[in-house]
2 protein chains.
Amino acid sequence: MVTRLRDREVVTLTADLVILTIREGELCLLLVERANEPFKSRSALPGGFLRAGETIEETALRELAEETSLDGLPLHLEQVGLYSAPDRDPREPRVVTCSFLAIAPNLPVPVAGSDAHAARWVPVRDVDRLTGGLAFDHAAILADALARARTKLQYTTIATAFCAPEFTISELREVYEVVWGVEVDRPNFHRKVTDADDFVVPTGKKSSKGTGRPALLYRAGTARVLHPPMVLPAAPESVVDG
Amino acid sequence: MVTRLRDREVVTLTADLVILTIREGELCLLLVERANEPFKSRSALPGGFLRAGETIEETALRELAEETSLDGLPLHLEQVGLYSAPDRDPREPRVVTCSFLAIAPNLPVPVAGSDAHAARWVPVRDVDRLTGGLAFDHAAILADALARARTKLQYTTIATAFCAPEFTISELREVYEVVWGVEVDRPNFHRKVTDADDFVVPTGKKSSKGTGRPALLYRAGTARVLHPPMVLPAAPESVVDG
DNA sequence: GCAAAAGTGTTTTAGCTACACCCATGT
DNA sequence: ACATGGGTGTAGCTAAAACACTTTTGC
C-alpha cells in the first residue's frame with residue numbers, strides 16, 4: 001500500500017512540563033492558570049508550541065526559562081511521553097503534546113511569572129483538590145511523570161537535581177523521603193550515598209545551619225547511574241511506559 | 001507574551017518501530033527497504049504516518065500488524081522518545097517521529113511483507129555494516145531503543161515478550177544472554193527466576209526437545225516489575241533519556 | 001550540661017557467586 | 001553406557017537493615 005497524503009494528519013506539537021521541586025518538606029509542582037480557551041482559568045501544566053527551526057527539547061527549555069528564573073542551574077530535563085488521543089484538545093489543527101519531567105532546586109523567588117497568567121507552586125498531594133482538576137489530560141501526564149521520577153530516583157543520580165549546588169547528605173535524604181513518601185534510615189543512607197561511585201563529592205565546607213552538629217557539604221558527582229541502586233522497601237508498581 | 005499563530009509550526013507525525021526478536025541465538029531487528037524518496041532503497045525502521053482519529057500507539061500497532069504476522073500474541077510495545085530535529089527529514093511539512101520499542105517472539109514465518117518494500121530480519125550487530133547505514137536518524141533511534149531494552153530487562157519482566165507463550169527457563173535465559181551479550185550462570189538464573197514473585201508460572205508440561213532432560217514449561221506471570229532486579233555484572237552506561 | 005543533628009560501628013540477615021552434584025532423556 | 005541438557009545443594013562472600021553509639025554544634 002502506498003502512503004497517500006490524505007492518510008496523514010497535520011498536527012501542532014506542544015511541550016508540557018512537569019516541573020518538580022521541594023519546598024518546605026513538600027513535593028511541589030509548577031502550575032499556571034490558563035489565560036485562554038479551552039479550559040480558560042483552569043490550572044494546567046506550563047507548556048508551549050513548537051516553533052519552526054527548534055526541537056521539542058528547545059521548546060521545553062524555552063518555556064522553562066519563561067516560567068522559572070533558573071538559568072544555568074544544574075537542571076534535569078527529560079522526555080516522558082507523547083500524548084496523542086484525538087480528543088485530548090478540541091483545537092484545530094489537532095494538538096499533540098510531548099511531556100517533560102523537569103527537576104529544579106528550591107528557588108528563592110516563588111515564581112517570576114513574566115507572562116500574564118499566574119504561575120505558582122502547588123504541593124503535589126493537593127493537586128486532586130484543585131477546583132475542576134487539571135486541564136486537558138494533564139492529570140495523566142502528571143501521574144506518568146511522577147512515576148518516572150520515583151523510579152529514576154532508584155537507579156540514577158537525579159535526586160541531586162532537587163538540591164542546590166552545594167548540599168548536605170540530610171538534604172539529599174529529604175529528597176528521597178519527600179518524593180517517595182517513606183522514611184529512609186539516616187545512618188544507612190549516609191553510608192550508601194558516600195560509598196557510591198561519584199554520586200556526591202565532598203567540598204570540604206560545612207553547613208552550620210541552626211542547632212546540632214554541622215553537616216559536611218557535598219556537590220553532585222558526575223555519575224548518572226546509581227550503582228548499586230537505592231531501593232525502596234515495598235515494591236513500587238511504578239515502572240512507567242510498560 | 002501571547003502565543004501567536006505564526007509561532008506554531010504544523011508538523012506531520014510518524015511512528016517508527018524498533019521491533020526486536022531473537023533468531024538463532026542472535027538479537028534481530030526488522031528493517032524495511034525504502035520504496036520512495038527520501039533515502040530511497042536505503043534500509044530504515046518500519047513506520048508510518050499518524051492518521052486522523054488515531055493515537056500514535058494505534059499508528060504503531062497498525063504498522064506492526066502490517067509488517068509482521070503477530071496478531072494477539074503477548075507483545076510488548078512502548079514509546080521510547082520523540083525525535084524532532086528540524087533537519088531530520090527533508091520533507092514538507094516537517095516530519096517528527098515517535099519511536100517505539102516492540103519485542104516479539106521468534107516468528108515462524110520470517111516476514112509477511114504485504115507492502116511492496118522488502119522487510120527482513122537483520123542481526124543487530126550487522127546493522128553498522130549495512131551499505132549507507134540507516135535512513136534518517138534511525139541509527140540514533142535504534143541505539144536509544146536498544147539501551148531501553150537492555151535496562152528494562154533488569155527491572156521488568158519484558159524478557160518474556162521475547163518468548164513464545166510457553167517457554168523453558170533456558171529459553172528465557174538465552175534472552176538475557178543475547179540481549180546483554182554476556183553469559184549468565186544457569187543454576188543461579190533458574191533459582192532467581194522461579195523464586196521471583198509471579199515472573200514465570202509453571203504449566204506442568206515438559207518440553208522434550210532433542211537430547212537431554214526435558215525442561216519444564218512456563219508461561220509469563222502477571223508481574224511487570226522484577227523484584228529483586230536482574231543485575232548485569234558490569235555497570236551498564238545504558239540509562240536512556242537521562 | 002543538655003538537646004539536636006551528623007556521622008560511625010556492630011550485629012544480624014538476606015541475597016548473590018561459584019561451583020559440585022544429581023536427574024531425566026536420546027542414542 | 002554415556003553424552004547432553006535440566007535442576008538442586010551448598011559454602012563463602014557481599015551488602016543491606018536495624019539499632020546502639022560517638023561527635024560536634026547551639027543554648
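Here is how names work: the chains are called A, B, and so on, in the same order as the sequence lines, proteins then strands, and each is numbered from 1. Only this structure's heavy atoms are used, side chains among them; waters, hydrogens and symmetry mates stay out. If you're wondering where the values come from, they're calculated on a predicted model, not measured in any experiment.
- An OP1 or OP2 oxygen of dG6(D) is reached within less than 4.0 angstrom by no side-chain nitrogen or oxygen of Lys206(B).
- In this structure Ser99(A) satisfies the side chain to side chain contact (heavy atoms under 4.5 Å, CB included) test together with Val80(A), Tyr83(A), Ile141(A), sequence neighbours excluded.
- Checking dT8(C), dA18(D), dT25(C) against every side-chain atom of Asp185(A), the shortest atom distance belongs to dA18(D).
- For His227(A) and dT14(D), the NE2 to P distance is 14 Å, given to the nearest whole Å.
- The closest side-chain donor-acceptor pair between Ser43(B) and Arg120(B) falls under 3.5 angstrom.
- The side chain of Arg191(B) lies closest to dA18(C) when the candidates are dA18(C), dG9(C), dG26(D).
- Between Asn188(B) atom CG and dA11(D) atom C1' the separation is 13 Å, expressed in whole Å.
- Residues forming a side chain to side chain contact (heavy atoms under 4.5 Å, CB included) with Glu57(A) (at least two apart in sequence, or on another chain): Thr55(A), Gln79(A), Phe100(A), Ser84(B).
- Scanning for side chain to side chain contact (heavy atoms under 4.5 Å, CB included) contacts around Arg125(A) gives Glu26(A), with sequence neighbours left out.
- One finds no side-chain N or O of Lys192(B) lying less than 4.0 angstrom from the OP1 or OP2 phosphate oxygen of dG15(C).
- Among the atoms of the strands shown, base atoms are found under 4.0 Å from some heavy atom of Pro187(A).
- In this structure, Ser170(B) reaches the sugar-phosphate backbone alone: every heavy-atom distance under 4.0 Å involves primed, P, OP1 or OP2 atoms, never a base.
- As a whole-Å value, the separation of Ile169(B) CD1 from dC23(C) C1' is 17 Å.
- With sequence neighbours excluded, no residue satisfies salt bridge (charged side-chain N to carboxylate O under 4.0 Å, His left out) with Arg42(B).
- Pro202(B) meets the side chain to side chain contact (heavy atoms under 4.5 Å, CB included) test with Tyr218(B); sequence neighbours excluded.
- Contacts with DNA chain D (heavy atom under 4.0 Å) in residues 212-221 of chain B: Gly212(B), Arg213(B), Pro214(B), Ala215(B), Leu216(B), listed by number.
- If you measure from atom CE of Met230(B) to atom P of dT17(C), you get 10 Å, rounded to the nearest angstrom.
- A donor and an acceptor atom never sit less than 3.5 Å apart when one is taken from the side chain of Arg186(B) and the other from the base of dG5(D).
- Atom pair Asp195(A):CG and dG7(C):P shows a separation of 13 Å (rounding to whole Å applied).
- The distance between atom NE2 of His190(B) and atom C1' of dG5(D), rounded to the nearest whole Å, is 12 Å.
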> Hey, mind stepping through His138(B) and Asp16(B) against side-chain hydrogen bond (donor to acceptor under 3.5 Å, both in side chains) and telling me if it holds?
Replying inline: CA-CA 9 Å; His138(B) 288 184; Asp16(B) 283 327; 3.2 Å; yes
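- Across the protein-nucleic acid pair, Tyr176(B) atom OH and dC16(C) atom P stand 13 Å apart, rounded to whole Å.
- Minimum atom distance to the side chain of Thr211(B) is reached by dG26(C), of the listed dG26(C), dT25(D), dA6(C).
- Separating the CZ atom of Phe189(B) from the C1' atom of dA18(C) is a distance of 17 Å, rounded to the nearest angstrom.
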